[in-house]
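One structure below.
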Protein chains: 2
Amino acid sequence: MIVWRWKCINNIDLEDCPIAIAQKIIGGKWVLRLLYHLSTGILRFGELNRKMPEVTQATLTKELRRLEGFQLIKRKVYPEVPPRVEYSLTEIGMKLLPVLKELEIWGDEYKKYIKQ
Amino acid sequence: MIVWRWKCINNIDLEDCPIAIAQKIIGGKWVLRLLYHLSTGILRFGELNRKMPEVTQATLTKELRRLEGFQLIKRKVYPEVPPRVEYSLTEIGMKLLPVLKELEIWGDEYKKYIKQ
DNA sequence: CTCCATACTATCATTTTAGATAGTACCTAT
DNA sequence: ATAGGTACTATCTAAAATGATAGTATGGAG
């Protein structure tokens, strides 16, 4: 049996706890899907929106700005008309992709487990 | 550069998408912390609550039941007085721990990245 | 009889998150 | 002059999540 050793079990300083940080960032309803769409490359706002039609423009904008604030996402504005804005992952954002991949694998296992 | 291949990018069937499933389950505000407290072993309700004093009893109960519903958590009731209820991870719940570990590592990297 | 411990449940209030809808700015093409 | 395309912003509303608080059940100890 594996004994798990964590950085901050029983630690009160949640600001500093890496797991609490991760939860705060990836807890949002759309984050994981946003990340995985962006994992395939740069996308414009409209493209993203079309890939996730259940999100409203307003919500998508807010979520993108939030993740930009956390520096997981880069936002590049082209001063053109009609406007063009491209979104992509930052370096630290990309480092979440392996975790996302594992989550996907787990999700798949979970599905099988539940179905029997 | 790694090309990421996912099960359901551009797939509309979100019910079936492992990432959408994962997001739904671990999206809750307390999930990750709950899991990692339980990763160290069986805990009683009160013990858990003492480890996470910012959660109210009501919320903790609801969250535990939700995760029990998803079968990540086992709930064992002892017919004693005063009551005793023990919580632990199920098999499929434990399979999330490696992912949690990676998230922790990422969180740590993130902290460093942000600080400079 | 009263109090204690434990793990709740029930209500109501508040906060957070997301959705619906409409409007804006700007240059280009017709 | 007008319409079109894009990425917004601004309000308002609705829904979901969480918090605060009080109450319940039970049997044993004193």
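Reminder, nothing fancy here: chain letters follow the sequence lines and each chain counts from 1.
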- [ ] Using a cut-off of strictly less than 4.0 Å, decide whether B:R75 has a side-chain nitrogen or oxygen near OP1 or OP2 of C:dA7.
- [x] no
Open item on the list: With a 4.0 Å limit, can you tell me whether B:R84 has a side-chain N or O closer than that to the phosphate oxygens OP1/OP2 of C:dA5?
Closed with: no
- [ ] For B:Y87, report the nucleic acid contact type (base, sugar-phosphate, nothing); a contact means any heavy atom under 4.0 Å.
- [x] sugar-phosphate
- [ ] Tell me what B:R66 touches on the nucleic acid: a base, only sugar-phosphate, or nothing, going by heavy atoms under 4.0 Å.
- [x] nothing
Open item on the list: Rounded to the nearest 0.5 Å, what separates atom OH in A:Y110 from atom CG in B:L72?
Closed with: 6.0 Å
Task: Value rounded to 0.5 Å, distance of CG in A:L48 from CG in A:L43 - done: 4.5 Å
TODO: Dump the intermediate steps for salt bridge (Lys or Arg N to Asp or Glu O under 4.0 Å) on A:K112 and A:E109, then the final yes or no.
DONE: CA-CA 5 Å; A:K112 282 175 206 148; A:E109 259 188 275; over 6 Å; no
- [ ] Measure the distance from CZ on B:F45 to C1' on D:dA25 and round it to the nearest whole Å.
- [x] 16 Å
Task: Residue from B:D108, B:L103, B:L100 passing side-chain contact (heavy atoms from CB on, under 4.5 Å) with A:I19 - done: B:L100
TODO: Find the distance A:N49:CG to D:dG5:P and express it as a whole number of Å.
DONE: 16 Å
- [ ] Send over the distance from B:Y78 OH to C:dA7 P, rounded to a whole Å.
- [x] 12 Å
Open item on the list: I'd like to know if B:E54 and B:R33 make a salt bridge, using a cut-off of under 4.0 Å between side-chain N and carboxylate O.
Closed with: yes
TODO: Measure the distance from CZ on A:R65 to C1' on D:dC8 and round it to the nearest whole Å.
DONE: 7 Å
- [ ] Provide, to the nearest angstrom, the distance between the CG atom belonging to B:L48 and the C1' atom belonging to C:dT6.
- [x] 14 Å
TODO: Please state how far atom CD1 in B:I26 lies from atom P in D:dA17, giving the value in whole angstrom units.
DONE: 15 Å
Task: Within-4.5 Å side-chain heavy-atom neighbours: A:I25 and B:W106 - done: yes
TODO: Check the angle between the aromatic planes of A:Y36 and B:W6 and answer parallel, tilted or perpendicular using the 30° and 60° thresholds.
DONE: parallel
Using atom names, set out every protein N or O paired with an N or O of nucleotides 15-21 of chain C below 3.5 Å, distance rounded to 0.1 Å.
unit_1, atom_1, unit_2, atom_2, d
C:dA18, OP1, A:K29, N, 3.4
C:dG19, OP2, A:T59, OG1, 3.3

TODO: Using atom CD of A:E80 as one end and atom C1' of C:dA29 as the other, report the distance to the nearest whole Å.
DONE: 16 Å
- [ ] Specify the separation, in whole Å, of atom CG of A:L60 and atom P of D:dT9.
- [x] 12 Å
TODO: Using a cut-off of strictly less than 4.0 Å, decide whether A:R44 has a side-chain nitrogen or oxygen near OP1 or OP2 of D:dT6.
DONE: no
Open item on the list: Go nucleotide by nucleotide along DNA chain D from the 5' end; which of A:V81 and A:L64 gets its closest nucleotide reached first?
Closed with: A:V81
